[in-house]
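Counting starts at 1 for both ligands and their atoms, following the listed order. None of the values given here were measured: they were computed from a predicted structure. For the single chain, residues carry numbers from 1 onward in sequence order. These values consider heavy atoms only, across backbone and side chains, with no hydrogens, waters or symmetry-generated copies.
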Amino acid sequence: MKHLLDIETADEGFLNQVLESAEVFLKVLQQPSKKLPTLRGKTVLMMFMEPSTRTQASFELAAKRLSADTVSFSPGRSSMRKGETFLDTLYNLHAMGIDGVVIRHSSPGAAHFVAEHTDAAVINAGDGAHEHPTQALLDAFTVKRKLGRLEGLTVLIVGDVLHSRVARSNLFLWRKFGSRVLFSGPPTLLPKEFATWGAELVDLNEVLHEVDVLMILRLQRERMEGSLVPSVREYRRFWGLTRDRLKRLPERTLLMHPGPVNWGVELDPEANDRPNTVILEQVRNGVAVRMAVLYHLLAKTEEIG
Ligand code: ASP
């Protein structure tokens with residue numbers, strides 16, 4: 001594969017290779033030196049056109065741990081403020097010699113657009129409500145390390161599915177690996193067509209006891225037009241993972257959240273008291289998974305070392 005634009009069309013062999021190599025890179029990250037020469041001489045452009053903490057830092061670290069040079073671009077401090085178009089900006093940055101582009105953008109399809117206009121390897125770091133492939137990969141990697149497999153699991157995703165690229169990428173990924181995906185959330189944030197993509201729409205309270213993996217989504221207030229939920233309090237009452245619901249969650253169930261968490265809205269802080277809450281492990285594993293993606297797209301013939 002030349003690019004990683006989405007999970008829906010991604011090659012399953014590629015996804016497996018990434019998950020396997022991530023295990024090697026995680027070991028590298030546990031060594032005192034943490035660094036490999038694999039991408040020495042390569043340059044990766046980080047285009048983050050929408051706010052990001054984890055994903056941006058994680059990609060930057062991943063590229064640096066592989067010895068690539070990185071150039072960071074943020075629209076607020078660029079010539080886009082002087083009216084330069086997105087495409088002109090891209091062509092100009094590309095002219096400086098870029099091997100890879102990591103792009104985060106609020107418009108669905110932005111990564112595909114970049115891939116059509118550059119010969120660099122493009123990685124989608126989240127495009128609007130469309131997809132966030134490396135998040136789904138790091139989620140899968142975390143589950144595989146904890147539960148030892150990716151197939152035959154029941155994965156429940158709760159919340160604002162409508163606006164969630166994380167939910168979409170995870171749905172495609174778990175279906176590819178042969179696991180069952182359940183969605184639960186307010187009807188206004190859970191369109192019926194998701195069922196046609198292979199997800200089952202369920203009542204959260206009825207399935208809590210039987211899930212292997214529970215992913216809580218952030219209530220995405222920045223993508224909401226109109227009033228899709230009556231109030232934050234109501235949302236918490238019906239779909240939040242409150243202290244009471246946490247008590248009903250089996251100890252073995254992995255509890256995940258892609259971050260940032262609205263504590264006290266979709267998830268109560270008591271979640272941190274259970275051993276199988278793996279939110280920070282997801283973040284830690286994210287660096288290794290992104291190293292693996294960069295390695296497979298940019299190093300190609302070279303050995304991990
Ligand atoms: N950090 C994730 C994303 O960028 C999830 C979220 O923002 O809710 O999609």
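- In this structure, the side chains of Asp99 and Leu39 stay at 4.5 Å or more apart for every pair of heavy atoms.
- Separation of the Phe194 and Trp197 ring centroids falls under the 6.0 Å cut-off.
- A salt bridge between Glu270 and Arg243 is present, with a side-chain N of the basic residue lying under 4.0 Å from a carboxylate O of the acidic one.
- Those atoms of ligand 1 with a heavy atom of Arg104 less than 4.0 angstrom away are 4 (O).
- With a 4.0 Å cut-off on non-hydrogen atoms, Val166 touches ligand 1 through its side chain and not its backbone.
- Heavy-atom separations between Gly259 and ligand 1 include at least one value shorter than 4.0 Å.
- For the pair Pro260 and ligand 1, a heavy-atom separation below 4.0 Å is found.
- Counted by atom type alone, Asp139 and Gln282 present one or more donor-acceptor pairs between their side chains at under 3.5 Å.
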request  = Decide yes or no on salt bridge (Lys or Arg N to Asp or Glu O under 4.0 Å) for Arg168 and Glu8, but give the supporting numbers first.
outcome  = CA-CA 9 Å; Arg168 228 166 289 231; Glu8 185 176 13; over 6 Å; no
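- The heavy atom nearest to atom 7 (O) of ligand 1, out of those in Gln56, Arg165, Arg218, Glu266, is found in Arg218.
- Atom numbering of ligand 1 starts at 1 in the shown order; those under 4.0 Å from a heavy atom of Gln220 are 8 (O).
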